[in-house]
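Notes follow the structure.
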Amino acid sequence: MNGLTVWLCESCGRRSFPRREICPHCGCRIFAAERADRGTATHVTGHRGVGIACVRVGDDVTLLARVDGAVAAGSEVTLRDDDGAPVAEIQ
Amino acid sequence: MTGERWREPSRPARSPVTASRREVAAILGAAEVPYNRHPPTGTTTTALLADAFVRVLEAADVERDEVDGLGVASFTLAPDHAIDLAWRLGIRLRWMMEDPHGGVSALNLLQHALHAVEAGVATNVVLLAGDHFGPGDFGRLASHYNRATSERLAPIPTGGPNAQFALVTQRHMARHGLGREDYAVIPVSQRTWAARNPGAVYRESLSLEDYLAAPVVAPPLGRYDCVPVVSGADAILVSRALPNRPGVRVRALRSSFNHDNQLGDGLSTGLGTVAAELWDAAGFGPNDVDLACVYDDYPVMVLIQLDDLGFVRDGDVRRFIRERLDGDRWPLNTSGGQLSAGQAGAAGGMHGVVEAVRQLLGQTGERQVVGARRAIVTGYGGVVYLHGGGAAVAALESVG
């Protein structure tokens, strides 16, 4: 699937991933699913042949993703969900 | 009813729970079941924990029937729990707990055990930590450490925490202007201590060149940045402090859980939030410490914790490495740490407690820090998603 589901707090508008039960910023319990399509790879490593990136999505979310292709630190990436795995690839 | 009836074993007199007088608790002994990189067929977690139990009773000179408290930390004890272990060990208990939080579990158990003894609800508490990883066990643990791991990291697959700590190390390098040779100082120095620890699984000398030439695990981490997984177990015995009885008092113990809600960069632990309170309660400071056992799952975490605790003057990590850590002048992780002695799963957090207690009791042979009276021990773990969520620190002092 294209994009990755992140969780938008209905009260303060900040996003969480993975999903929380209570918004860490404002304490609200109501979240709306939102599709995140893009992010920025801030750091990249790899383990046993799998490229792994730390990806910043907007101002609130930092997540780990599998790297698909030539992603480097600083790369703008598109995001998708591969059966639970966030995947980051060059736009 | 025929046959001999079971009788309550005799116990030392104890004051009732409601007594106004508080007991004073102390650690009377510590023991480690030798770590094994390639354990023999037939090794079990329960047997390792039982070995640690027997060894710590001997070290503390306490009889099995006198034990009335048990705490355990183990990833591979399941489906058994503490009560099953009590049954296998044949002990009757008044206090019992289990802690599943990895590197922070040992100090968490210790904190609660101290309270139990001080409140008079238990007199002799044995704390056990250990694991035996059979084929596939470590992979299963790494993929199912928690729900976030099962659902969001294992599908990548990240293959355990090396990737997370590679990313933390990259950030730390950039923040402090460090290179791989700076991190090397920790495993290389600790290896010089391991050479004097017959229980360490890696004792041969390690050079900077060896470190830099080792296979890459997850850039920038190489083989010597990652702990060797072993089978083994550790134990301590917490009891009442007795006059003229050598022991180790816990002057202060502070913990922090989920300090940053995983919204931070992993370059600080919760220790920074409790450090001032810890030193105040301990009655001594970083300059008074004779040795430090700092949880060393990765070299970067040793540096971060020491900085959080106030050991790094002006936050100059680079200078701290060169002035304090290079060589074996400053007694840091004198067993060789987990990086050389090995990480026996949930025993990782107990390993440093055992080393510090044995140092303070003068029981560490060739690597004994002469005149050691005060130590600190840390635990770090409970990797929630991006980095560890739990951290704890204890300030120890020998008495008696």
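Just so we're clear, the structure is a prediction, and the values are computed from it rather than from any experiment. Below, chains carry the letters A, B, ... as their sequence lines are ordered, and counting in each starts from 1.
No more than 12 heavy atoms of other residues, nucleotides or ligands lie within 6.0 Å of CZ in A:Arg38, so this atom counts as exposed by the packing criterion. Counting non-hydrogen atoms of other residues, nucleotides and ligands closer than 6.0 Å to CZ of B:Arg322 gives a total above 12. For CD of A:Glu34, the number of neighbouring non-hydrogen atoms (other residues, nucleotides, ligands) closer than 6.0 Å is greater than 12. Summarising the local packing, CZ of B:Arg223 is surrounded by 12 or fewer heavy atoms from other residues, nucleotides or ligands at distances under 6.0 Å.
Contact of the A:Thr45 side chain with the B:Thr169 side chain is not registered, since no non-hydrogen atoms from C-beta on lie closer than 4.5 Å.
Within the 4.5 angstrom heavy-atom criterion, no atom of B:Arg147 approaches chain A. For chain A, the nearby parts of B:Asn261 are the backbone and the side chain; heavy atoms of each come within less than 4.5 Å. In this structure, chain A has a heavy atom under 4.5 Å from the side chain of B:Leu263, while its backbone stays farther away. A:Arg20 touches chain B through its side chain: at least one heavy atom from C-beta onward sits under 4.5 Å away, while N, CA, C and O do not. A:Ala65 touches chain B through its backbone: at least one of N, CA, C or O sits under 4.5 Å from a heavy atom, while the side chain does not. For A:Val44, the part lying under 4.5 angstrom from a heavy atom of chain B is the backbone only.
The heavy-atom pair separating B:Arg152 from A:Leu4 by the smallest distance is NH1-CD1, 4.4 Å. Taking all atoms of both residues into account, the shortest heavy-atom contact from A:Val50 to B:Ile156 is CG1-O, 3.8 Å. Scanning both residues, A:Gly46 and B:Pro219, for their nearest heavy atoms gives O-CD, 3.4 Å. When all heavy atoms of A:His47 and B:Ala218 are compared, the closest pair comes out as CD2-CB, 4.3 Å. Across B:Thr158 and A:Ile52, no two heavy atoms sit closer than the pair CA-CD1, 3.8 Å.
With respect to chain A, the highest number of heavy-atom pairs below 4.5 Å among B:Val217, B:Asp265, B:Asn162 belongs to B:Val217. Highest contact tally toward chain B, considering only A:Pro24, A:Gly51, A:Gly84, is held by A:Gly84 [criterion: heavy-atom pairs under 4.5 Å]. Between chain B and the residues A:Thr62, A:Val67, A:Val87, A:Val61, the most heavy-atom pairs under 4.5 angstrom are made by A:Thr62. Counting heavy-atom pairs closer than 4.5 Å to chain B, the top residue among A:Ala53, A:Ser16, A:Pro18 is A:Pro18.
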Next on the checklist: With side chain to side chain contact (heavy atoms under 4.5 Å, CB included) as the criterion, how do A:Cys54 and B:Gln170 come out once you've worked through the C-alpha distance, each side chain's angles and the decisive distance to 0.1 Å?
Outcome noted: CA-CA 11 Å; A:Cys54 187; B:Gln170 288 184 20; over 6 Å; no
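Without hydrogens or angle criteria, B:Tyr385 side chain to A:Leu63 main chain gives no donor-acceptor distance under 3.5 Å.
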